[in-house]
K.L.:
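One structure follows; several queries about it will come next.
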Amino acid sequence: MIRYKISETLNKALENASPALNDIALDRVALADVLGRIKIERPKQKDHGDYAVNISPLSSLAKLGPPQIAQILEKELAHCVDLEASTIAGFVNFRINTLLMAQALLNTLTTKVPGKNDSLKSDTILLEYVSANPTGPLHIGHGRWAALGDSLVRIWRHCGATVTPEFYINNAGVQTFKIGYSIYLRAVEQILTANGMGIPDDMEAPPYPGDYVKELASQYLSQPKSKEDILALCEKHLQVFEGVLTSDDFQVFIQPHIEKISAFAVETFSAQQKALLETMGVHFEAWFREKEMLHDRGLVDEIVSRLKHDGFCYEQDGALWLQSSDFEDEKDRVLKKSDGSYTYLAPDVAYHHQKFSRADADEQPQYNRIINIWGADHHGYIIRMKAALTALGHLKDMDDPRFEVILGQLVNLIVDGEKERMGKRRKMLTLADVIDEVGVDATRFWMVSKSADTALDFDVDLAQAETHENPVYYAQYAHARCASILRNAVEPTPTEENPKPTPFISFEALDELSDSPSIEDLTPLFNVLEEGSEDSNAFEHLKSLILRLDAFEDSLKEAAKTSSPHIVARYALDLAADFHSFYNVCRILTDNSVITRARLALILSIKKTLAQALELLGVSAPDSM
RNA sequence: GCCUCAGUAGCUCAGUUGGAUAGAGCAACCGCCUUCUAAGCGGUCGGUCGCAGGUUCGAAUCCUGCCUGGGGUACCA
């Protein structure tokens with residue numbers, strides 16, 4: 001609100017001073033462009049004021065040096081009541097008075113949902129993220145996408161966007177077959193062992209070697225008739241070694257059986273993943289099933305033929321190639337292998353085609369932004385996907401903003417001080433293990449407190465050993481402190497000297513203060529200055545707090561615009577720091593009921609804002625710790 | 001080789017659409033609990049912003065080259 005006020009004031013001053021500034025206000029378009037580049041920010045040096053505006057961008061339009069422009073503006077701004085302007089070189093600095101601060105605080109108090117705005121009102125977003133293969137448990141890397149994606153969904157919605165979070169279940173293709181086959185091999189092992197027979201040395205190693213496959217195999221065997229199925233498969237399998245059956249014939253024979261086992265695995269893992277995500281507070285509205293939604297409906301065939309028909313494909317070496325090199329890709333990509341099966345790209349193109357084809361009730365495209373979160377290992381994939389989507393006419397060119405990929409750098413799991421490469425195919429700590437050890441709040445906060453384009457080291461031992469030094473507790477503690485103050489205000493703790501203390505404020509009065517505060521409730525806040533009994537820094541801390549609260553909406557808009565939840569994490573920490581500092585120099589509950597009332601209003605606002613910031617990150621805001 | 005992300009305090013990272021004297025947390029050291037939660041506060045220490053050029057009134061930020069590390073560079077998914 002304060003930034004808005006400053007920008008309004010500045011615009012007006014420019015308008016009035018226009019004649020002295022080479023008629024700067026006449027060229028509306030140019031001026032608007034320049035004003036868009038002017039930032040209103042908090043200066044690093046406190047003595048420069050509360051807000052600073054660097055007016056250098058104006059100098060080319062006004063044909064004057066920045067210092068002269070500043071001088072002229074300063075004169076113009078001298079009439080301003082609640083803003084005191086001064087200039088140094090090319091900067092116009094503003095100092096705000098207590099009335100404006102009180103208004104800003106009142107504004108944050110009366111806002112039902114802090115930071116709520118409509119900056120993304122016209123955005124309809126389909127965000128696909130996590131989309132882990134249903135062939136095993138989620139690992140730590142998926143945790144990062146889960147935390148990042150879900151926080152983005154919450155932040156975008158807070159800024160007025162319509163968002164559908166979607167999870168793509170890869171329940172078709174080679175990996176699915178491999179997990180089924182792995183379970184079959186493990187089941188055979190278990191049957192052999194149960195019958196007191198050893199496992200032959202030359203027995204095939206399962207494509208997925210993890211222990212969780214063994215668990216799933218025994219789960220599978222506990223189902224009715226499953227043992228008979230496995231034995232039948234095993235018998236055929238032996239015939240291959242005896243030379244009675246060819247390997248190819250065996251493949252044909254086992255295919256449907258393995259598919260059955262695969263389906264079992266996919267459903268089990270998928271449910272497991274979903275449950276863990278829900279535990280983390282990560283909720284998907286849509287679960288898109290590759291097999292049923294694409295393959296069974298012939299959509300993959302359809303899209304490939306369409307690309308072929310439209311002349312974007314050619315055949316070479318028995319394979320079908322997409323001419324992605326026509327669209328900035330360094331080479332062409334195979335859609336259909338020479339053995340007739342599709343590469344991973346083909347169903348994925350079909351999937352994205354489907355995303356773009358979704359329409360609302362008015363036959364209009366349902367989404368104007370289709371966004372994916374992908375790991376950095378999929379980086380090379382972006383261009384070929386864009387190429388296919390451009391060929392299909394969904395994108396007007398390769399830079400079309402309708403399709404975005406948020407590329408997140410990978411997570412290194414650090415165990416015993418050593419990096420462990422993450423991957424599904426070796427024994428490792430799963431995301432579930434990490435959540436168990438570290439907790440949802442700490443994990444989620446950790447995952448989003450760094451920008452997505454930095455590789456993240458997740459040190460399990462550190463997270464376990466130093467949970468109390470984790471930054472998330474700092475923010476949560478501030479919230480708990482606020483809650484505690486409010487509790488004490490209404491119901492003070494009895495002591496030996498005073499077994500029945502008088503409340504500082506009645507429950508009803510606090511309620512009223514929270515629901516309908518007035519500016520008169522707040523102005524006594526600034527009496528700290530006069531009182532002088534507290535630390536002389538109290539006023540500065542108070543000002544920082546109020547300006548921070550006032551800037552919440554701006555931070556959210558920035559986070560939403562740049563898809564950067566870490567801005568919100570940082571905000572929560574900054575607000576917590578401002579509060580902790582203030583708390584230490586200024587007592588909230590005093591004998592003066594008017595001052596107490598005003599300070600409680602401040603606490604209400606801090607608590608509300610902090611809770612909202614944490615909520616947007618999927619982190620709880622406890623009332624006590 | 002090419003593409004891409006990163007390199008900022010001992011450690012983990014903000015800041016990068018060019019702006020004032022470079023910012024946190026952790027670690028280390030010194031203080032602060034008879035009073036609202038010390039999971040806190042105040043202070044000290046700590047920097048050639050990877051290196052070298054360039055662009056300009058001004059560069060951690062933009063350009064070029066180089067160095068180091070991560071990821072990618074499949075008829076794998």
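Source: prediction; values computed, not measured. The chains referred to below are lettered A, B, ... by the order of the sequence lines, with proteins before strands, and numbering in each begins at 1.
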K.L.:
Side-chain N or O of A:Ser451 versus OP1/OP2 of B:A14: is the shortest distance under 4.0 Å?
P.N.:
yes
K.L.:
Check whether any side-chain nitrogen or oxygen of A:Asn584 sits under 4.0 Å from OP1 or OP2 of B:C33, and answer yes or no.
P.N.:
no
K.L.:
Look at all strands and tell whether A:Asp623 reaches a base, only sugar-phosphate, or nothing, counting heavy atoms closer than 4.0 Å.
P.N.:
base
K.L.:
Could you tell me whether the side chain of A:Ser182 and the main chain of A:Tyr208 form a donor-acceptor pair under 3.5 Å?
P.N.:
yes
K.L.:
Under 4.0 Å between a side-chain N/O of A:Ser581 and OP1 or OP2 of B:G42, yes or no?
P.N.:
yes
K.L.:
Using the C1' atom as the reference point in each nucleotide, state the distance between B:G19 and B:A9 in Å, no decimals.
P.N.:
23 Å
K.L.:
When the nearest nucleotide of RNA chain B is assigned to A:Arg487 and to A:Tyr342 on a heavy-atom basis, which residue is associated with the more 5' position?
P.N.:
A:Arg487
K.L.:
In a check of ring-ring contact (aromatic ring centres under 6.0 Å, His included) between A:Phe167 and each of A:Trp287, A:Trp145, A:Phe288, which one passes?
P.N.:
A:Trp287
K.L.:
Is A:Arg481 near enough to B:A39 that one of its side-chain N or O atoms lies under 4.0 angstrom from OP1 or OP2?
P.N.:
no
K.L.:
Please test A:Thr454 against A:Gln409 for side-chain contact (heavy atoms from CB on, under 4.5 Å), starting from the C-alpha separation and ending with a verdict.
P.N.:
CA-CA 6 Å; A:Thr454 327; A:Gln409 297 299 309; 5.8 Å; no
K.L.:
Roughly how many Å apart are B:G7 and B:C45, using the P atom of each and rounding to a whole number?
P.N.:
27 Å
K.L.:
For B:U17, does either OP1 or OP2 sit under 4.0 Å from a side-chain N or O belonging to A:Thr562?
P.N.:
no
K.L.:
Tell me if the side-chain of A:Ser338 makes a donor-acceptor pair with the base of B:C75, cut-off 3.5 Å, by modelled atom types.
P.N.:
yes
K.L.:
Taking pairing as Watson-Crick or G-U wobble with both contacts under 3.5 Å, can you name the mate of B:U73, or confirm there isn't one?
P.N.:
B:G1
K.L.:
Find the partner of B:C36: check Watson-Crick (N1-N3 plus N6-O4 or O6-N4) and G-U wobble (N1-O2, O6-N3) distances, both under 3.5 Å, and reply none if neither fits.
P.N.:
none
K.L.:
In whole angstrom, give me the gap between the C1' atoms of B:C62 and B:C30.
P.N.:
44 Å
K.L.:
Going from OH on A:Tyr351 to CD1 on A:Ile303, what distance comes out if it is rounded to the nearest 0.5 angstrom?
P.N.:
14.5 Å
K.L.:
Hey, which of these two, A:Asp453 or A:Leu589, hits RNA chain B nearer its 5' end, going by closest nucleotide?
P.N.:
A:Asp453
K.L.:
Within 45 degrees of the axis of the six-membered ring of A:Tyr51 and under 6.0 Å from its centre: does A:Arg42 put its NZ or CZ there?
P.N.:
yes
K.L.:
Closer than 4.0 Å, any side-chain N/O of A:Tyr583 to the OP1 or OP2 of B:A38?
P.N.:
yes
K.L.:
Would you kindly give the CG-to-P distance between A:Leu58 and B:G19, to the nearest whole Å?
P.N.:
16 Å
K.L.:
Does A:Asp574 reach a base, just sugar-phosphate, or nothing at all? Heavy atoms under 4.0 Å.
P.N.:
nothing
K.L.:
Answer yes if the ring centres of A:Phe579 and A:His541 are under 6.0 angstrom apart, and no otherwise.
P.N.:
no
K.L.:
Heavy atoms under 4.0 Å, any strand shown: does A:Gln476 hit a base, just sugar-phosphate, or nothing?
P.N.:
nothing
K.L.:
Suppose you measure atom P in B:A60 against the same atom in B:G18; what distance do you get, rounded to whole Å?
P.N.:
14 Å
K.L.:
Any donor-acceptor pair under 3.5 Å between the side chain of A:Gln409 and the base of B:G71?
P.N.:
no
K.L.:
A:Ala455 near the nucleic acid: base, sugar-phosphate alone, or nothing, with a heavy-atom cut-off under 4.0 Å?
P.N.:
sugar-phosphate
K.L.:
If we take the C1' atom in both B:C41 and B:U35, what is their distance in whole Å?
P.N.:
16 Å
K.L.:
What I want to check is whether an N or O donor and acceptor connect the side chain of A:Asn93 with the base of B:A20 at under 3.5 Å.
P.N.:
yes
K.L.:
Take atom C1' in B:U17 and the same atom in B:U61, then report the distance between them in whole Å.
P.N.:
10 Å
K.L.:
Base, sugar-phosphate, or nothing for A:His580, non-hydrogen atoms under 4.0 angstrom?
P.N.:
sugar-phosphate
K.L.:
Heavy atoms only, 4.0 Å cut-off, all strands: where does A:Thr454 land among base, sugar-phosphate and nothing?
P.N.:
sugar-phosphate
K.L.:
What nucleic acid atoms does A:Ala52 come within less than 4.0 Å of, heavy atoms only: base, sugar-phosphate, or nothing?
P.N.:
base
K.L.:
Once you apply a heavy-atom cut-off of 4.0 Å, does A:Tyr381 come out as touching a base, just sugar-phosphate, or nothing?
P.N.:
base
K.L.:
Nearest whole Å is fine: how far is B:G15 P from A:Arg42 CZ?
P.N.:
19 Å
K.L.:
Rounding to the closest angstrom, what is the interatomic distance between B:C63 and B:C76 at atom P?
P.N.:
38 Å
K.L.:
Hey, is A:His566 doing a stacking thing with B:A14, by the 5.5 Å centroid and 30° angle criteria?
P.N.:
no
K.L.:
Compare side-chain N and O positions of A:Lys337 against OP1 and OP2 of B:C76 and report whether any pair is under 4.0 Å apart.
P.N.:
yes
K.L.:
Assess the side chains of A:Asp339 and A:Ser341: does a donor N or O sit below 3.5 Å from an acceptor N or O?
P.N.:
yes
K.L.:
Please measure how far the P atom in B:G25 lies from the corresponding atom in B:G40, and state the result in whole Å.
P.N.:
10 Å
K.L.:
Under 5.5 Å between ring centres and under 30° between planes: true for A:Phe91 and the base of B:A20?
P.N.:
yes
K.L.:
Is there a Watson-Crick or G-U wobble partner for B:G53 with both distances under 3.5 Å, and which nucleotide is it?
P.N.:
B:C63
K.L.:
Are a donor atom and an acceptor atom from the side chains of A:Glu204 and A:Tyr181 found within less than 3.5 Å of each other?
P.N.:
yes
